[in-house]
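Please read the structure below before turning to the comments.
Order of the sequence lines fixes the chain letters, A, B, ..., with proteins taken first and strands second; residue numbering starts at 1 for each chain.
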Amino acid sequence: MTDQPENQLRDALQGAIASNDVILFMKGTPEQPMCGFSARTCAALEATETEFAAVDVLADPRIRQELSSLSNWPTIPQLFVHGELVGGADIVGQMYESGELAAVLGAPAATGGNPLPDAAEPGSAPPLQIENRLG
Amino acid sequence: MPTADEVKARIEEGIPGSDAEVTSDDNVHFTARVVANDFANLSLVEQHRLVYAIFGEGELGGSIHALALTTETR
């Protein structure tokens with residue numbers, strides 16, 4: 001069957017979402033985001049000092065297609081916490097500023113009201129990386 | 001390429017009773033703020049899905065390269 005590789009990809013995506021408490025699907029990597037929306041989302045996560053897994057959807061165009069069909073969400077980035085879609089860059093940014101993001105993440109810095117820091121600020125702890133094994 | 005006015009009209013038609021403010025410098029990247037009664041009792045994810053659903057398959061990320069979205073319940 002021709003759809004078997006797609007099912008495998010879907011299984012791999014579902015597995016990655018299920019096995020990582022916090023996982024971000026993004027364009028590029030946290031060290032080198034390839035899109036402003038992905039960069040902003042990483043910056044918000046890093047500001048909460050939460051470790052997160054990151055998957056670069058640019059590694060394989062099928063990832064994005066399968067992910068969007070799985071999540072019913074058309075755009076990248078997509079943040080999942082405990083298996084649930086939290087949202088894209090706009091929602092994550094809004095939740096960061098309200099303090100809700102830190103609460104959802106169970107992060108210690110649940111202060112809120114902070115402006116979003118500039119993207120790609122050096123010096124913060126490097127996030128956990130998982131390999132792209134989704135191809 | 002859609003204009004900001006066209007994107008605004010599409011959103012307001014797609015979510016009856018909504019008000020959308022849409023801006024764009026280049027007719028490719030858009031910023032929209034949408035206020036609607038229909039958003040009541042919906043999560044932010046569900047609110048954004050309502051707006052995204054207005055645009056056809058491939059349109060977001062295609063002719064509308066980026067749509068920065070804020071949703072509010074009236």
Return the CG to CH2 distance between B/Leu60 and A/Trp73, rounded to the nearest 0.5 Å. 10.5 Å
Just wondering, are more than 12 heavy atoms of other shown residues or ligands nearer than 6.0 Å to [atom1] in [X]?
X: B/Asp26; atom1: CG; value: yes
X: A/Gln14; atom1: CD; value: yes
X: B/Glu72; atom1: CD; value: yes

How close do B/Thr71 and A/Gln94 get, heavy atom to heavy atom, and via which atoms? O-NE2, 4.4 Å
Backbone N/O of B/Leu69 and side chain of A/Asp90: donor-acceptor pair under 3.5 Å: yes
Verify same cluster id: B/Val7, B/Ile15 (apolar side-chain graph, 4.5 Å): yes
So if you build clusters from Ile, Leu, Val, Met, Phe, Trp, Tyr with side-chain heavy-atom gaps below 4.5 Å, do B/Phe39 and B/Val35 land together? no
Per-residue tally against chain B (heavy atom, under 4.5 Å) across A/Val86, A/Asn72, A/Leu85, A/Thr75 peaks at A/Asn72
Any non-hydrogen side-chain atom of A/Ile91 less than 4.5 Å from a side-chain atom of B/Val45? yes
